[in-house]
Protein chains: 2
Amino acid sequence: MPQAPSKARTATADEIRQAALEQFARSGYDATTMRDIASSVGIKAASLYNHFDSKEEILWDLTRAAMHELAANRDDALARLDPSTGPRERLAAFVRAHVGFHAERRYQAVLVNSQLGSLSRAHHRKAIGLRDVYEASLKAIIDAGVAGGEFKVSDAPLTTLAILQMGTGVSAWYRPDGRLSIDQLCAEHVKLALALVTRGPQ
Amino acid sequence: MPQAPSKARTATADEIRQAALEQFARSGYDATTMRDIASSVGIKAASLYNHFDSKEEILWDLTRAAMHELAANRDDALARLDPSTGPRERLAAFVRAHVGFHAERRYQAVLVNSQLGSLSRAHHRKAIGLRDVYEASLKAIIDAGVAGGEFKVSDAPLTTLAILQMGTGVSAWYRPDGRLSIDQLCAEHVKLALALVTRGPQ
DNA sequence: ACATATAACTAACGAGCGTTAGTCTAGCCC
DNA sequence: GGGCTAGACTAACGCTCGTTAGTTATATGT
């Protein structure tokens, strides 16, 4: 029992993280074995325990990091805006960040979107909490737009989920060699999201 | 090796289907054991093999049925329309059927949306084929609306996926005792979908 | 009533899983 | 240069998995 519990930032630990992320996202947590992960890194399964305490700890390490990076990515995008920026531009910035993350870092996105159920109960609760905060941050933008009269929505909570869900889905089908670049994808999604909060002349 | 290979429509087989559906949807295919399923039905794991040849066959039986019922549900909704019905009403009917299915039969929907990866390669291919046909049927409605000038979209394939994804997401969070009834949910989603194909005055 | 088929049971197999124990080796610090 | 430690290794444990074999009981059809 040598080193610090889990925060190890060594090169091998990062290789393990990378291999586990790809396989958890591609095949699912249950279908991925410790021997699979170790083999990708070029070591034996038992050696993984020099870097992580358990398989679930690897999943949680990855999930936690992905969710924090998703939030940080959004914060960066919104922080770049002038404080007086209106809701339309704030929504656009959120959607660009959201969709960009789900395309550019789709393995992390897939993990967050489909493997939360494999976490321990305590970690699952924390993940749901982070997700709720993330959702609330979009809802706040929409609510502000509605309050200011720039947005018109029939049901704000449902519209929030719809916008998130459109972008989340990107991680399921996006491929780097696809028809649209990430910038185009983000731009299209911004148009779609704005359409959802702008009741046209019916 | 007694009975017909797999088409058995006995009461016990249906109980097995029901139990497996719930647990596959709730916990995932890999995390559900044959002993879990058998226990829900009140029999032993070995007895499951009087009704199905393998665990994967249960999953495929359920997946296949769910996808066919999803398509049949859409066909019913569209068949009720007058042949001269315009694209807006056709899109509305599709979305009502799509969202209604994903709320009312969310276990089947979850299976189709998140457990396809556990199918054998041959079955997986068939499932992807059915999904592609389903997606194409929505795209055809959108294309028709664009061709007729009733719809204005920036990117038809992306808009198709966005509408599907909004509805698909419902199966992940809908609960029968939730804030909105299924009818309300469908009506809201129709509004959202129509907003996506109707470029307002920007 | 008796043969037959259906569908349950108990028992177990072989494989694979996450994980642990104990060992060996190479590089770093005094 | 000798001790120490990080991190790899081999071996194996205990468990659970899907599945099979063989047996038994309960209905049904004539």
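Order of the sequence lines fixes the chain letters, A, B, ..., with proteins taken first and strands second; residue numbering starts at 1 for each chain.
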For atom [atom1] of [X] and atom [atom2] of [N], their distance in whole Å:
| X | N | atom1 | atom2 | answer |
| --- | --- | --- | --- | --- |
| Ile58(A) | dT19(C) | CD1 | C1' | 12 Å |
| Glu57(A) | dT20(C) | CD | P | 12 Å |
| Asp30(B) | dG18(C) | CG | C1' | 15 Å |
| Glu56(A) | dC17(C) | CD | P | 19 Å |
| Tyr49(B) | dT20(D) | OH | P | 7 Å |
| Asp14(B) | dA7(C) | CG | P | 12 Å |
| Asp53(A) | dT19(C) | CG | P | 10 Å |

Nearest heavy atoms of [X] and [Y], plus distance in Å:
| X | Y | answer |
| --- | --- | --- |
| Gln165(A) | Met166(B) | CG-CA, 4.2 Å |
| Ile141(B) | Leu91(B) | CG2-N, 3.8 Å |
| Leu119(B) | His124(B) | CB-N, 3.8 Å |

Give, ordered by number, those residues of residues 21-29 of chain A having at least one heavy-atom distance below 4.0 Å to an atom of DNA chain C; if nothing qualifies, reply none.
none
Under 4.0 Å between a side-chain nitrogen and a carboxylate oxygen: does that hold for Asp155(B) and Arg179(A)?
yes
May I ask you to decide whether Arg64(A) forms a salt bridge with Glu57(A), counting only side-chain N to carboxylate O separations under 4.0 Å?
no
Atom pairs and distances, donor-acceptor, side-chain atoms in residues 23-31 of chain B, under 3.5 Å, two or more places apart:
from, atom 1, to, atom 2, distance (Å)
Gln23(B), NE2, Asp36(B), O, 3.4
Gln23(B), NE2, Ser40(B), OG, 2.7
Arg26(B), NH1, Tyr107(B), OH, 2.9
Arg26(B), NH2, Glu22(B), OE1, 2.7
Arg26(B), NH2, Tyr107(B), OH, 3.4
Tyr29(B), OH, Glu56(B), N, 3.1

Ring centre gap for His68(A) and Tyr134(A) strictly below 6.0 Å:
no
Distance col, row Arg80(B):CZ vs Thr85(B):OG1, nearest 0.5 angstrom, shows 13.0 Å
Where protein sits on nucleotides 8-13 of chain C, one letter per nucleotide: B base, S sugar-phosphate only, - none, heavy atoms under 4.0 Å
BBBBB-
